Amino acid sequence: MRFKRALRFLFGGVLGFFRTLIALGWSLLSKLRLRYNVTRQINMSDDECEFDSTWEDEDENKTHRKKFHIHGGSRRNMFAARDMQAFRHSCRGLDENSDDDDGAGEQYKGHFYNLDFYRGKLRSSPDELYISDFHQWWGNYDLLEDVHSYIQWLFPIQEPGVNWRAHVLSKKEIKLFRKDKEVKKKLVQSYKLMLDFYGIYLKDDSTGEVARASNWKDRFKNLNRHTHNNLRITRILKCLGTLGLKHYQAPLVKFFLNETLVNGQLQNVKHSVLDYFMFAVLDKSERRDLVKFAYKHFERKEQFVWGLKKILSGQVAHCNNENMDQPTENNSSSAEDQQKRVNFEHEIEKTEASHPPKERQSKKDHQNKDEPVITTPEHEGVVKKKKIKI
């Protein structure tokens with residue numbers, strides 16, 4: 001009996017020892033894995049967004065390369081990135097001419113509802129109003145705020161919205177719209193109407209420069225209170241780019257970046273500006289400038305997830321073609337791109353001078369309290385799932 005007890009005691013002790021050893025091993029392994037994951041997140045914090053080609057060079061021959069989008073404690077709104085990438089891709093080739101583009105569109109078959117609406121030949125639905133009637137809504141802010149069916153008619157895009165009785169743009173319709181100077185003038189009138197509603201006015205029709213209107217305080221309060229206007233502004237930016245007024249995009253986005261990041265206004269608009277507005281800009285060089293401006297004025301730079309920190313912090317001047325994902329829009333020749341690259345390097349040097357390296361290196365990634373809440377996609381209720389890279 002004593003021998004059995006001693007044997008049982010010895011066996012229990014050995015078993016307990018091995019259990020303790022295993023527990024210590026798992027504990028050590030967990031710590032090592034945690035440390036590895038933290039290091040991995042930090043090392044990957046500058047990896048490119050899978051749906052953003054802002055920092056890539058133009059090269060039509062490069063093939064797709066999968067990218068990661070882990071950014072330490074802060075994460076990019078990947079739905080927004082995918083949505084805006086799909087929009088930019090949809091605008092490729094719209095300026096290309098083909099044989100059937102001549103002749104003012106007589107050979108085009110089918111109805112061009114948006115074009116006819118802007119030509120004054122068709123009433124909107126369900127409001128049953130002509131474009132001239134909507135332009136008389138100037139200053140009627142309650143009407144512009146409460147009615148939700150007009151925005152799809154005033155600013156048509158290639159995506160459906162909540163008004164199922166409006167019509168998406170077709171490629172042929174877009175080309176005809178871009179060639180018609182009169183309808184583009186009316187589109188600018190629609191743009192001015194909405195700018196006034198938001199407390200903004202168009203200073204220069206040729207450059208697209210905008211500024212605060214005299215009633216900006218009251219209108220900013222409304223814009224900050226009713227966040228569905230963020231969706232409207234995204235649609236407006238998409239429409240301007242699609243219908244040949246893309247030079248109006250960057251000035252409006254720059255205005256919102258300045259108001260949100262510099263002046264501290266419109267805090268409920270800020271993340272829509274960063275997630276959506278910036279990446280609606282079709283011109284890649286202008287988009288880069290906007291991201292650089294945003295990074296310069298973003299308080300917690302270690303939490304900035306809308307651009308490559310290795311470029312924005314000056315570690316590298318530009319992405320190589322090895323980082324190319326898929327063909328993107330052609331915005332400049334190689335010579336112009338090189339000049340912009342040189343100008344960018346000078347600007348980075350100025351930014352580095354105002355942010356000492358010691359201060360930058362002492363920062364650690366953590367959960368961004370500025371992290372955006374989950375926002376509704378711009379399509380106003382229609383979910384799109386495209387992964388085409390531009």
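In this text the structure is predicted, and so the values were computed from the model without any measurement. Along the sequence shown, residues are numbered consecutively beginning with 1.
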Aromatic ring proximity, centroids under 6.0 angstrom, H148 and H228
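Yes, close enough.
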Y150 and W153: aromatic ring centres closer than 6.0 Å?
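No - the distance between ring centres of Y150 and W153 does not fall below the 6.0 Å cut-off.
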When you look at L240 and K246, which way does the side chain to side chain contact (heavy atoms under 4.5 Å, CB included) test go after all the steps?
CA-CA 5 Å; L240 293 174; K246 70 177 184 179; over 6 Å; no
How would you list all residue pairs meeting ring pair (Phe, Tyr, Trp, His ring centres under 6.0 Å) that involve residues 178-214, not counting sequence neighbours?
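Those involving residues 178-214 are Y191-Y248.
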Cation-pi, [Y] ring and [X] (6.0 angstrom, 45 degrees):
{"X": "K309", "Y": "F304", "value": "no"}
{"X": "R219", "Y": "Y141", "value": "yes"}
{"X": "R235", "Y": "F155", "value": "no"}

Shortest non-hydrogen contact between [X] and [Y], atoms and distance:
{"X": "N222", "Y": "E145", "answer": "ND2-OE1, 2.9 Å"}
{"X": "Q267", "Y": "T260", "answer": "NE2-O, 3.3 Å"}
{"X": "A81", "Y": "F51", "answer": "O-CB, 3.6 Å"}
{"X": "S206", "Y": "H247", "answer": "O-CD2, 3.2 Å"}
{"X": "R232", "Y": "V147", "answer": "NH2-O, 2.9 Å"}
{"X": "L290", "Y": "L257", "answer": "O-CD1, 3.6 Å"}

[X]/[Y] ion pair, N-O < 4.0 Å:
{"X": "K238", "Y": "D83", "answer": "yes"}
{"X": "E182", "Y": "R119", "answer": "no"}
{"X": "D218", "Y": "K221", "answer": "no"}
{"X": "D205", "Y": "K192", "answer": "yes"}
{"X": "D275", "Y": "R76", "answer": "no"}
{"X": "E259", "Y": "R212", "answer": "yes"}

Before giving the answer on side chain to side chain donor-acceptor pair (under 3.5 Å), spell out for D127 and S149 the whole-Å C-alpha distance, their side-chain angles and the decisive distance to 0.1 Å.
CA-CA 7 Å; D127 302 302; S149 54; 2.6 Å; yes
Could you state whether F117 and L245 fall into the same hydrophobic cluster, counting links through intermediate Ile, Leu, Val, Met, Phe, Trp or Tyr residues with side-chain heavy atoms under 4.5 angstrom apart?
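Same cluster: F117 reaches L245 through Ile, Leu, Val, Met, Phe, Trp or Tyr contacts under 4.5 Å.
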Under 3.5 Å, is there a donor-acceptor pair between the [X] and [Y] side chains?
{"X": "H135", "Y": "S190", "answer": "yes"}
{"X": "N224", "Y": "Q265", "answer": "no"}
{"X": "Y118", "Y": "D180", "answer": "no"}
{"X": "T54", "Y": "R287", "answer": "yes"}

[atom2] on [Y] to [atom1] on [X], rounded to 0.5 Å:
{"X": "F134", "Y": "I151", "atom1": "CZ", "atom2": "CD1", "result": "10.0 Å"}
{"X": "L261", "Y": "L266", "atom1": "CG", "atom2": "CG", "result": "11.0 Å"}
{"X": "L243", "Y": "R178", "atom1": "CG", "atom2": "CZ", "result": "7.0 Å"}

Would I200 and L252 satisfy side chain to side chain contact (heavy atoms under 4.5 Å, CB included), going step by step from the backbone distance to the final call?
CA-CA 9 Å; I200 310 169; L252 181 61; 4.3 Å; yes
State which residue, out of F298, F279, Y295, fulfils the ring-ring contact (aromatic ring centres under 6.0 Å, His included) condition with W306.
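Answer after filtering F298, F279, Y295: F298.
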Looking at W164, I'd like to know if its CH2 atom is crowded, meaning that more than 12 non-hydrogen atoms belonging to other residues, nucleotides or ligands lie closer than 6.0 Å.
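Counting other residues, nucleotides and ligands, CH2 of W164 stays at 12 neighbours or fewer.
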Test ring pair (Phe, Tyr, Trp, His ring centres under 6.0 Å) applied to F256 - qualifying residues, sequence neighbours left out:
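Testing F256 for ring pair (Phe, Tyr, Trp, His ring centres under 6.0 Å), a comparison that skips the adjacent residues, returns F277.
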For L154, run the side-chain contact (heavy atoms from CB on, under 4.5 Å) check against L187, I131, N114 and tell me which one passes.
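The side-chain contact (heavy atoms from CB on, under 4.5 Å) with L154 is passed solely by I131 among L187, I131, N114.
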Could you tell me how the ring of F220 sits relative to the ring of W216: parallel (under 30°), tilted (30 to 60°) or perpendicular (over 60°)?
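Ring orientation of F220 relative to W216: perpendicular.
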State whether the side chain of Q152 and the backbone N or O of P160 hold a donor-acceptor pair below 3.5 Å, judged by distance alone.
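Checking the backbone N and O of P160 against the side chain of Q152, no donor-acceptor pair under 3.5 Å is found.
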